[in-house]
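In what follows, chains are A, B, ... by sequence order, proteins preceding strands, each numbered from 1. Owing to the predicted nature of the structure, the values given are computational and were not obtained by experimental measurement.
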Amino acid sequence: MSRIHAPADARRTGGVMRYDHEAIEAKWQQYWAANETFKTPEDRTAPKYYVLDMFPYPSGSGLHVGHPKGYVATDIVRRAKRMMGFNVLGVMGWDSFGLPSERQAVKEGIHPEEVTRRNIDTFRGQLQKLGLAYDWSREFATSDPRHYKWTQWIFRKLYEQGLAYQADVGVNWCPALQTVLANEEVNDGKYVETGDPVEQRTMKQWMFRITEYAERLLAGLDGVDWPESTEKKQREWIGRSEGAQFRFDVKGTGESFEVFTTRPDTLFGCTYAVLAPEHPLVERITTDAQRAAVAGYLEETRAKTDRDRTTQAADAPKTGAFTGAFAICPVNGEAVPIWIADYVLASYGTGAVFACPAHDERDYAFAKTFGLPVREVVAGGDVSAAAYTGDGPHVNSDFLDGLDIAAAKTRIIAWLEENGIGKGTIQYKLRDWLFSRQRYWGEPFPIVFDDAGNPHLLPESQLPVTLPELDEYKPTTGPDGEPLPPLARATDWVNSPYGRRETNTMPQWAGSCWYYLRFLSPDRDDVAWDAEEEKYWMPVDLYVGGNEHAVLHLLYARFWHEVLFDLGLVTTPEPFQRLFHQGMIHALAYNDSQDMRGKFYYPEEVDHSDPSSSTATVKATGDTVFVKNMKMSKSRYNVSNPDDLCREYGADALRLYELFMGPLEEGGQWEDAGVAGTKRFLDRVWRLVVDEDTGENTAKLVPSADDRDLDRALHGAIKKVTESVDDLRFNTSISELMKFVNVATKAEKVSIDAMEAFLRVLSPFAPHIAEELWQRLGHTASIATAAWPAWDEAKLVVDSITLAVQVNGKVRGTVEVPADVDQAGALAAARAEPNVAEWLSKGELKREIYVPGRLVNLVVKM
RNA sequence: GCGAGAAUGGCGGAACUGGUAGACGCGCUGGACUUAGGAUCCAGUGGGGCAACCCGUGGGGGUUCGAGUCCCCCUUCUCGCACCA
């Protein structure tokens, strides 16, 4: 029970009892911890609400003010929903495996675990200073064997389902990091996190058959409440396209190849075929005459980066080489030349296409480059000028003539199927998920290899497979000089009684794929999660995090969840019912180059006294620097530190400003001065209750006071805050809270009931001061356990309203009328307004418009 | 190139289904109280004009009694995606 009853030991300075945020915030944080105020309730009869923040990676650099924005938002939801009678599951933990800790450990010569523990302590400390209402008893880290035992357990499940396999695949190898990266981690030929260059290699890797779930992952999006743009990104990432796959025979050989197309209806317009340079047939069908040309082209292609090959516009000039071979177009028996070209990707579809330049921009560009014929088969465009991709009747197409695209597709697919040449199929852009990394600081696989090199699952009883101690965490090399992961150094560990252990580890995504389930029963060592708890708490009702995870984490987690659902281990097909992305916080950055790629300067190094100017002056040198609002980041020298702001203004003021600065989904531009503003607001709240001269409660607070204006402000605030808990528009609800304080400050008397109701709706935003004032008003239990107040619509209505009176759409005056005025009364009052009457006298009144409660518009013909 | 979103005072941002544009806050100006104020309180604050009034939501058209909001065209910015046949 509550152990701290002493009144706030707020600092008395010169007899003034000011709001001492440091003492009060520390006091209540201790109180919440000591009383386990936010421990998840045991009762399972109340409605539940699972609010989750995206799992943070505890980096070494700690938090800047951009990080807690989402956590503050979810904290308001947690606290308010709790007061509304929900059982709230609010938890925080650490996605603590990962390369940065490993690199930091190498650098400092200590164990990654130690780095991780230190970073977690920093993060936890920073978050706890913000007064976030987490159930800290459920905290866990993915790098804890108690947790990763179950990550390995889930891997076993996926393996047993045939969803995990090893394959020799072309991978993104990062020489600097000595590891492979997932496609999603590579952009522009570089590792997205560090910018280190990435090259292509073929290696044996673990893969997940996420492609088997492509259709399910698409369908599941229909049932969730997610931002439209994120759903769209996932759909596009999965990239479903319907079409046909069929066979082309290579003339004069026994060979054939399959093509995939979404436009089988244009088959009569086929004038050549193209194989990807990597296509296995290339070697076999190239004629001697063309061998040199083909070899030359393959060399050229190899030299190109993936990006060079895949980031061209459709109508960009093409490259390629003729193989000398011809393919037989199945629909008309024509022999068409077979080319190779890097605009055809080996990794998509069948790695081969038939080309119909008349109706495909890429084929058109290629045909123009190499002087290949163009044959129109869909009327409606001018194929002598450009490819025509619109609809129209087919021509030059035998049995398809006259049909539109849709009908022609159906017809040709039926024909292909009847003749045993091919069939209608669906292709996805989604590729199988590369799941292994050559790193130390990740989950070991529960896999051993036999002497023949075949993988076997370790029995469940052998989990967790823990990370062995190493002298060094750097990658190593094998007897043939091939690169080996750091775990290969642990020879005793590798040679287990069950076989040779897998030395790759899982990627960082693994832990975050199911952490939301572990939070349900993190103390259980006998199960990954408790089935009853899963039934009660899942799905996550509100998931808040940045949109940078729109595809990767959210797609991977959904995939695992779907598999677990199929196995009957979870009861909902989707893990995250509602998703919300908080915006990225920006702040002014100063750089000596206009493109912001030069040297950055700290705000205190420059003089930017004219905020409307896009340039500033470096104080020391007088040089001009450019000013731009940029994402807050250490490297741009534009971060604000939450610890400093907590010290100066308090966590409550910081929390308020995080959300007051703008809509949650937009980031907003950070200004430390804004925190001073929300601090002033809290000072005024304080003075409503506390007489700063005596430290006693103010005389202003009385048992009852009849004040319609104050009631309206109060109930307006209650209503707005209550609604914002669902629509997450906290910036406007904070302004309603401010309005109440403005009215209350001016009022002679404020009823204690009104003040208490206000404190309750304020408490999710500024919990420390709300607790303190609540206690000063005589309450012994935490305000977090108080009931949420209801608003009274009757209190929101006003006796009289001000109507704007327009003449021809321009406001010419206002009139006070009773709130329940009828149309005739409103119009009469409007016409009587002196200034309006004068305008009316200038012309003929043609029309009167009355918008109840708003305005009157009188249309006058002058 | 394609797609999505955005553009409102000196600044961050309000404005429900078209209905008094600029709520709330920052900053600024003036005043009060003060030994002092970077504390607090009061008043003011889109631009122009003594005023009536005029002009104002990136630019240009349109619909409407009435447009920040709806439609068309354009500009700029942000964020995704990038030859997927």
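Nearest to the side chain of T262(A), among C26(B), A85(B), A23(B), sits A85(B). When each of A85(B), A82(B), C42(B) is scored by its nearest atom to the side-chain atoms of W237(A), the top-ranked nucleotide is A82(B). Here A85(B) is the nucleotide among A85(B), C26(B), C24(B) with the atom lying nearest to any side-chain atom of T261(A). For K232(A), the side-chain atoms get nearest to A4(B) when compared with the rest of A4(B), G80(B), U40(B). Looking at the side chain of M738(A), the nearest of the listed nucleotides G19(B), G25(B), A14(B) is G25(B). Closest to the side chain of N742(A), from the set C42(B), G3(B), C24(B), is C24(B).
Under 4.0 Å is where a charged nitrogen must lie from a carboxylate oxygen, and between R831(A) and E848(A) at least one such pair does. Between E236(A) and K429(A) there is no salt bridge, since no side-chain nitrogen of the basic residue lies less than 4.0 Å from a carboxylate oxygen of the acidic one.
When rounded to the nearest whole Å, the span between CG of L588(A) and P of C26(B) equals 19 Å. Rounded to a whole Å, the NZ atom of K429(A) is 14 Å from the P atom of G3(B). A straight line from NZ of K739(A) to P of A14(B) spans 13 Å, rounded to a whole angstrom. In this structure, K679(A) places its NZ atom 16 Å from C1' of G25(B), rounding to the nearest Å. Rounded to whole Å, the distance from CD1 on I849(A) to P on G18(B) is 16 Å. Atom CG of L827(A) is separated from atom C1' of C65(B) by 13 Å (rounded to the nearest Å). The separation between E666(A) atom CD and G13(B) atom P is 7 Å, rounded to whole Å. Counting to the nearest Å, the P atom of C24(B) and the CZ atom of F660(A) are 10 Å from each other.
On the C1' atoms, C65(B) is 36 Å away from C11(B), given to the nearest whole Å. A gap of 14 Å separates the P atoms of U69(B) and G61(B), to the nearest Å. One C1' atom belongs to A21(B), the other to G46(B), and the distance between them is 10 Å to the nearest Å. G3(B) and A82(B) have their P atoms separated by 15 Å, given to the nearest Å. Atom name P, nucleotides G49(B) and G10(B): the rounded distance is 15 Å, in whole Å. Atom name P, nucleotides G12(B) and G27(B): the rounded distance is 15 Å, in whole Å. Nucleotides G80(B) and G30(B) place their C1' atoms 50 Å apart, quoted to the nearest Å. Distance check on atom P: A15(B) versus G68(B) gives 16 Å, rounded to whole Å.
At a threshold of 4.0 angstrom between heavy atoms, the contacts of E848(A) with the nucleic acid are absent. Contacts of V805(A) with the nucleic acid, taken as non-hydrogen atoms under 4.0 Å apart, are absent. At the heavy-atom level, G239(A) lies nowhere under 4.0 Å from the strands shown. Using a 4.0 Å heavy-atom distance criterion, Q669(A) is classed as a sugar-phosphate-only contact. If you check every strand for non-hydrogen atoms under 4.0 Å, N835(A) touches sugar and phosphate atoms only. At the heavy-atom level, V859(A) lies under 4.0 Å from the strands shown only through sugar-phosphate atoms. R684(A) comes within 4.0 angstrom of the backbone, heavy atoms only, and of no base. Across all strands shown, S229(A) has no heavy atoms under 4.0 Å from either base or sugar-phosphate atoms. Within 4.0 Å of N731(A), counting heavy atoms only, lie sugar-phosphate atoms of the nucleic acid but no base atom.
Where N808(A) and D683(A) each meet RNA chain B at their nearest nucleotide, the meeting point lying more 5' is that of D683(A). Mapping D360(A) and G677(A) onto RNA chain B by nearest heavy atom places G677(A) closer to the 5' end of the strand.
Glycosidic conformation at G48(B) (O4'-C1'-N9-C4 for purines, O4'-C1'-N1-C2 for pyrimidines): anti, more than 90° from 0.
Side-chain contact annotation: Y297(A) with T319(A), donor-acceptor N/O pair under 3.5 Å present. Defined by atom type and a distance below 3.5 Å, a donor-acceptor pair is missing between the side-chain atoms of T301(A) and D342(A). Defined by atom type and a distance below 3.5 Å, a donor-acceptor pair is missing between the side-chain atoms of Y657(A) and D672(A).
The phosphate of A85(B) has OP1 or OP2 within less than 4.0 Å of a side-chain N or O from S241(A). Proximity of R854(A) to the phosphate of G66(B): no side-chain N or O atom is located under 4.0 Å from OP1 or OP2. For the OP1/OP2 pair of C26(B) and a distance below 4.0 Å, the side-chain nitrogens and oxygens of R680(A) include at least one atom meeting the criterion. Note on W839(A): a side-chain N or O is less than 4.0 Å away from OP1 or OP2 of C53(B). Side-chain nitrogen and oxygen atoms of K810(A) include at least one within less than 4.0 Å of the OP1 or OP2 phosphate oxygen of C55(B). The phosphate of C16(B) has neither OP1 nor OP2 within less than 4.0 Å of any side-chain N or O from R729(A). For N857(A) and U64(B), the shortest distance from a side-chain N or O to OP1 or OP2 is not below 4.0 Å. The side chain of Y348(A) places an N or O atom within less than 4.0 Å of a non-bridging phosphate oxygen (OP1 or OP2) of A85(B). At least one side-chain nitrogen or oxygen of R847(A) sits closer than 4.0 Å to the OP1 or OP2 atom of C65(B).
Under the 30°/60° scheme for interplanar angles, the aromatic rings of W339(A) and F366(A) are found to stand perpendicular. By the 30° and 60° cut-offs, the orientation of the rings of H359(A) relative to Y388(A) is perpendicular.
Remark: K679(A) fails to qualify as a cation-pi partner of Y649(A) under the 6.0 Å distance and 45° angle criteria applied to the six-membered ring.
Atom CD of E300(A) has more than 12 neighbouring heavy atoms from other residues, nucleotides or ligands inside a 6.0 Å radius.
Remark: RNA chain B forms stems of 3 or more consecutive Watson-Crick or G-U wobble pairs, all pair distances under 3.5 Å, at B:1-7 with B:75-81, B:10-12 with B:24-26, B:27-32 with B:40-45, B:46-48 with B:53-55, B:58-62 with B:70-74.
Only one option out of N742(A), D652(A), L737(A) pairs with F681(A) in a side chain to side chain contact (heavy atoms under 4.5 Å, CB included); it is L737(A).
With hydrogens and angles disregarded, no donor-acceptor distance shorter than 3.5 Å links the side chain of Y19(A) to the backbone of V690(A).
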